[in-house]
Amino acid sequence: MAAHYLGFDFSTQQLKVIAVNEHLRVVYEDNVQFDKDLPEFGTQGGVRIHSDKLTVTSPVLMWIKALDIILERMKSSGFNFSQVKALSGTGQQHGSVYWKQGAQKVLQTLSAHLPLHSQLDSCFSITESPIWMDSSTAAECRHLEQAAGGAQALADITGSRAYERFTGNQIAKIYKQSAAAYAQTERISLVSSFGASLFLGDYAPIDCSDGSGMNLLDIYKKMWSEECLNACAPDLNGRLGCVQAASSILGSVSSYYIQRYGFRDDCRVVAFTGDNPASLAGMRLEEGDIAISLGTSDTLFLWIQDPAPALEGHIFCNPVQAQDYMALLCYKNGSLMREKIRDCCPSGSWEEFSKVLQSTSPGNNGNIGFYFDVMEITPHAIGIHRFNANKQKVSEFPMDVEVRALVEGQFMAKRIHAERLGYKIMPQTRILATGGASCNEHILQVLSDVFNAPVYTIATANSACLGSAYRAAHALAMQTSGSTFAEVVKLAEEHTLVVTPRTGADQIYQPLLKRYAECESIVILESQNISMN
Ligand code: XUL
């Protein structure tokens, strides 16, 4: 009988589902849009922004109702649940769910005659779940960093300095503001482990990879850090439960799904993880690979073996190879900056921009530029800064030098920050590019030259959801035959090779990268002066 694997994605605006067959081809896909399909919750983009503009939540019952709807739709479309051998899923990172005393019992004794939402409606001590868009916990962040011995010390334990959206700080705020609700809380889940709990009919453990986005997990020992837990709220250990590797099989689906939808009784539930780790799986990153999404903001996913947590970026436990890590870096000045400089070309077209890139030589004769229209995340800097070959600041570049300085600068910054987090380019390294600018071969050529590695393009629509279906297939194959994730996903479509590095590129960029880093320190200092004045 055909084997299918399911992936669910509890993302910010919608719940998605993807089914793949044993060849990892997508055979079913659907989504429930929170605003449109569940208007009774009155969300905008799936969220509620509170009057302080900092607090952002989503109603937990909306996520449950969305699951009821998506499963009913699958059933009415004739989807054969008995072919599903394993399922997994993912959720927006950092968001948290607060199960009330007695909720475990309700989960364990669900009646197949009723939808989930009508049985679980009084199971939450906090009905509005804080999500990743929340930035109301600045005070809690300061407190946690102090308790850990500073921002870098906290990063050295948990992989990141304190961030407002990270769950430990959110829990600390809930404990401070709603002590009674905290006292009534039996279990705290991430959005991902909450999703897994619904399928398991019991509390599902938090996986190490999504658990790394909480400022609470010791990413090396893969255990909660007592120091961080104690700084956030009392008796937190028991409320979080133990963490597990992302590729753990947690058990079989609860009898609710067998009786109501016809799932087989040995359909396995594989740990759910965060959407960024699940995307890494969906994009099929391997040891030494780097994925670059060139969109409104530029995002990097790195496969790392020896991480060096820093004050910028995040290190998470790797979702597909337990002993490894992944890093996430985000740059605000991505496409908008590229478009702005493109508009300065005589015709303001991408053709002209590409022609200029082609006509100028790698290394830009030593000219270097920094283009931060808005305050950059990595590094914390703003403004446009140009340096000539003698490292002197200049106020202008000719048009052709400007275009190359922008593109080379954006990619050199990425390589430098990636290497600072412990990333190493290996002989087998591939750069997987996605997002708007990834269709421009000339931009990709510069990327390839700066990293001295081949660039492939990949389709990433729904990569977190697809990655969850792949992870379900992998966990089962790992249990039966010890297969690695890379071996399992070989079946999926190949990535497309677009460009390889030009000969001699490495000799040009090695010294230039060093100079870029030196100029960046000057830019950071100048930006501090700008923001102080
Ligand atoms: C990552 C982050 C977002 C959410 C969105 O740290 O906050 O990418 O995971 O889904």
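One-based numbering, in listed order, for ligands and for the atoms of each.
For Glu227 and Lys221, the salt-bridge test fails: no basic side-chain N is under 4.0 Å from an acidic carboxylate O.
Annotation for Met426: atom CE counts as buried by contact number, over 12 foreign heavy atoms lying within 6.0 Å.
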Check: every ligand 1 N/O to protein N/O pair under 3.5 Å:
unit_1: ligand 1; atom_1: 6 (O); unit_2: His94; atom_2: NE2; d: 2.7
unit_1: ligand 1; atom_1: 6 (O); unit_2: Arg165; atom_2: NE; d: 3.4
unit_1: ligand 1; atom_1: 6 (O); unit_2: Arg165; atom_2: NH2; d: 2.8
unit_1: ligand 1; atom_1: 7 (O); unit_2: His94; atom_2: NE2; d: 3.3
unit_1: ligand 1; atom_1: 7 (O); unit_2: Arg165; atom_2: NE; d: 2.8
unit_1: ligand 1; atom_1: 8 (O); unit_2: Asn276; atom_2: ND2; d: 3.0
unit_1: ligand 1; atom_1: 9 (O); unit_2: Gln93; atom_2: N; d: 3.1
unit_1: ligand 1; atom_1: 9 (O); unit_2: Asp275; atom_2: OD1; d: 2.7
unit_1: ligand 1; atom_1: 9 (O); unit_2: Asp275; atom_2: OD2; d: 3.4
unit_1: ligand 1; atom_1: 9 (O); unit_2: Asn276; atom_2: ND2; d: 3.4
unit_1: ligand 1; atom_1: 10 (O); unit_2: Asp275; atom_2: OD2; d: 2.3

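Sorted by first and then second residue, the side-chain hydrogen bond (donor to acceptor under 3.5 Å, both in side chains) pairs involving residues 313-324 (not counting sequence neighbours) are Ser160-His314, Arg165-His314, Glu287-Gln321, Trp303-Asp324, Gln321-Asp324. Within the structure, salt bridge (charged side-chain N to carboxylate O under 4.0 Å, His left out) contacts touching residues 239-250 (residues at least two apart or in different chains) do not occur.
Phe34 and Phe41 have their aromatic ring centers separated by at least 6.0 angstrom.
Tyr182 is linked by a ring pair (Phe, Tyr, Trp, His ring centres under 6.0 Å) to Tyr175, counting only residues two or more places apart in sequence or in another chain.
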